[in-house]
Structure formats: C-alpha cells, structure tokens
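The residues of the chain are indexed from 1 along the displayed sequence. Order of appearance sets the numbers: ligands from 1, and atoms from 1 within every ligand. Treat the numbers as computed from the prediction; the structure is a model and nothing was measured. Values below: all heavy atoms of this structure, side chains included; hydrogens, waters and symmetry mates excluded.
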Amino acid sequence: MTTAVIGTGFIGGTLGRAFAKAGLPTVFGSRHPEDTSVAEDSGATVATIEDAVAQADTIVLAQPSAAVEEFLKANDLAGKLVIDATNNVGAPVANHAAAVAEHAPRARYARAFNTLGGENFADPDFDGVKADLFFSATEADRAVVEQLIEAVGLRPMYLGENQQDTVDGVLRLWFALAVGQGRGRHLAFRTLTR
Ligand SMILES: NC(=O)c1ccc[n+]([C@@H]2O[C@H](COP(=O)([O-])OP(=O)(O)OC[C@H]3O[C@@H](n4cnc5c(N)ncnc54)[C@H](OP(=O)(O)O)[C@@H]3O)[C@@H](O)[C@H]2O)c1
C-alpha cells in the first residue's frame, strides 16, 4: 500500500516523513518534484503529482484549500482512498467531502489530520501520553487510516463513517482554545474512558 501526500509544505512534509519513517511506502506529489529536500532522510520519494497519484492507493490532501478542486478535476482518483487533511478556514464547511463526491465520485473519502496544528503531528507526545487524532472513514477504510495515524505517533479515535462534520467540530474546538483563548498551538486532546 503506497500513500501519496499531495503538497510538500508544513503538513504534507510532516506527515509524509512520519509515514515513511514508520516504514510505510510514501511518495510526495509536488509541483516541483526535482526538489527532493522535503523527504530528508525519511525514505519517502518525490514525484510529479500525476505520478504520485498513479503509484498510490491512498492519497492525503495536504495542499491549500484553494488548490483542492483543481487537483480533484485534474487527476483520476477512481478506486483510491482520499484522506482530506485540508481546511477551508473561515468557510461554512472546512472539509472537501462535497468536492470529492462531485469531482471524484469513484474515490473513497476519509477526514483526518486536520484537527490539530501541525506542531502536534511533529511532536504528538505529551509527557509520555499520545494525543488523540479524531477521524472519519468507512469501516472498510478504518484500518488504513489508523495505520497512518499511528505512524505519526498519535492515537486514532474513530468517529464513524461520514462524520466529517463531527471531526470539524474538533477543529473548531482546537481553534477556540489554541487561538481564541491563547493557549498556544501545542495543544491536543485525549479521550478519557472508564
Ligand atoms: N498548518 C497547520 O497547522 C494545518 C493543520 C491541519 C491542516 N492544515 C491544512 O493542511 C493544508 C496545508 O497546510 P500547510 O500549513 O502545510 O500549508 P503550506 O505549508 O503552505 O503547504 C502547502 C503545500 O501545498 C502545495 N501546493 C499545491 N498547490 C498549491 C498552490 N496552488 N499554492 C500553494 N501551494 C500549493 C505546495 O507543495 P508543492 O510546492 O510541493 O506542490 C505547498 O508546499 C491546508 O489545507 C491547511 O488548511 C494545516
């Protein structure tokens, strides 16, 4: 199973390197594939966006929100799992589930890696406790997404199928605390159960 990470910025770079370091085959899809610096020593490769998509079963969207629709229109995602980490911040709906359904109707959709500042993907350990990463996917795709979340060092917290709005509620909670209340970006969540 190869994962393509589209976008080599803060989120894409952090996630892709973590996947590769955990031993998961990973290719970055970049508009400038000749620059392989994003991979560092992780073992990930860098390709054109088209080649990265062709190689992969799972596609992580880690580009600016404004670039998502063009990507969906330009690439054949049929039969692939699209994990949406992008946030249309300030818009009524932060996720791109509707755009995926419209432009890539034969792709499968999951919502993950969008609820925390990227600092917490780079360092998910809070005094020896792994932060939770809330996500939505079909039951069939759950294990794939959980493997990627665990590769980053977070604890997967499954919210069910088609629960992207619930996941995005966690995003709003994170912004309210980290930014609104000035608690800072090194902030994450842990679910308690008894
Ligand atoms: N920053 C966070 O803490 C955070 C947390 C969770 C989710 N997110 C979401 O993750 C996504 C990426 O955020 P980021 O902070 O990683 O952004 P970023 O550092 O600016 O990286 C975005 C990357 O997307 C690629 N890209 C593709 N099309 C682009 C275009 N038209 N214009 C600019 N870049 C384009 C670029 O990689 P190439 O040049 O290699 O193509 C670029 O490096 C956003 O949707 C954001 O909402 C961010």
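Of all the atoms in ligand 1, the ones that sit under 4.0 Å from a non-hydrogen atom of Ser30 are 38 (P), 40 (O), 41 (O). Under a 4.0 Å criterion applied to the non-hydrogen atoms of Ser65, ligand 1 contributes the atoms 45 (O). Near Gly117, meaning under 4.0 Å from any of its heavy atoms, are these atoms of ligand 1: 3 (O).
Residue Glu34 places its CD atom among more than 12 non-hydrogen atoms of other residues, nucleotides or ligands, all under 6.0 Å distant. At most 12 heavy atoms of other shown residues, nucleotides or ligands fall within 6.0 angstrom of atom CD in Glu70. Under a cut-off of 6.0 angstrom, the local environment of CZ in Arg190 is crowded, with over 12 non-hydrogen atoms contributed by other residues, nucleotides or ligands.
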Please step through side chain to side chain contact (heavy atoms under 4.5 Å, CB included) for the pair Val170 and Asp168, ending with a clear verdict. CA-CA 5 Å; Val170 182; Asp168 290 354; over 6 Å; no

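To the nearest 0.5 Å, the span separating CG on Leu171 from OG1 on Thr115 amounts to 7.0 Å. Interatomic distance, CG of Asp123 versus NE2 of His186, reported as 7.5 Å (0.5 Å rounding). Remark: Leu148 CG to Phe113 CZ distance equals 5.5 Å, nearest 0.5 Å. Rounded to the nearest 0.5 angstrom, Arg185 CZ and Phe175 CZ are separated by 7.0 Å. Here the straight-line distance linking atom CD of Glu50 with atom CZ of Phe71 works out to 11.0 Å at 0.5 Å rounding.
With hydrogens left out, the protein atom closest to atom 45 (O) of ligand 1 is Gln63 O, 2.8 Å, a heavy atom. Protein heavy atom nearest atom 43 (O) of ligand 1, with residue, atom name and distance: Gly9 N, 3.1 Å. Considering only non-hydrogen protein atoms, atom 24 (O) of ligand 1 sits nearest to Pro64 CD, 3.2 Å. The nearest heavy-atom contact from the protein to atom 12 (C) of ligand 1 is Ala62 O, 3.3 Å. Closest to atom 34 (N) of ligand 1, if we only count protein heavy atoms, is Arg31 NH2, 3.3 Å. Of the protein's heavy atoms, Ala67 CB, 3.6 Å lies nearest to atom 28 (N) of ligand 1. Summary of contacts: the protein heavy atom closest to atom 17 (O) of ligand 1 is Phe10 N, 4.6 Å. Counting protein heavy atoms only, atom 25 (C) of ligand 1 is closest to Gly7 CA, 3.7 Å.
Under a 4.0 Å heavy-atom criterion, Leu116 is in contact with ligand 1.
Residue nearest to atom 16 (O) of ligand 1, selected from Ile11, Val5, Thr86, Ile6: Ile11 (by heavy-atom distance).
Checking side-chain atoms of Thr26 against main-chain N and O of Leu24 turns up a donor-acceptor pair under 3.5 Å.
Contacts between Ala85 and ligand 1, counted as non-hydrogen atom pairs separated by less than 4.0 Å, involve the backbone only. Only side-chain heavy atoms of Arg185 come within less than 4.0 Å of ligand 1; its backbone N, CA, C and O stay farther off. Of all the heavy atoms of Phe113, the ones lying under 4.0 Å from any atom of ligand 1 belong exclusively to the backbone.
Residue Gly118 has at least one nitrogen or oxygen atom sitting less than 3.5 Å from a nitrogen or oxygen atom of ligand 1, judged on distance alone.
Under the 4.0 Å distance rule, the nearest protein heavy atom to atom 8 (N) of ligand 1 falls inside the cut-off.
In this structure, the side chains of Glu146 and Phe135 come closer than 4.5 Å at one or more pairs of heavy atoms.
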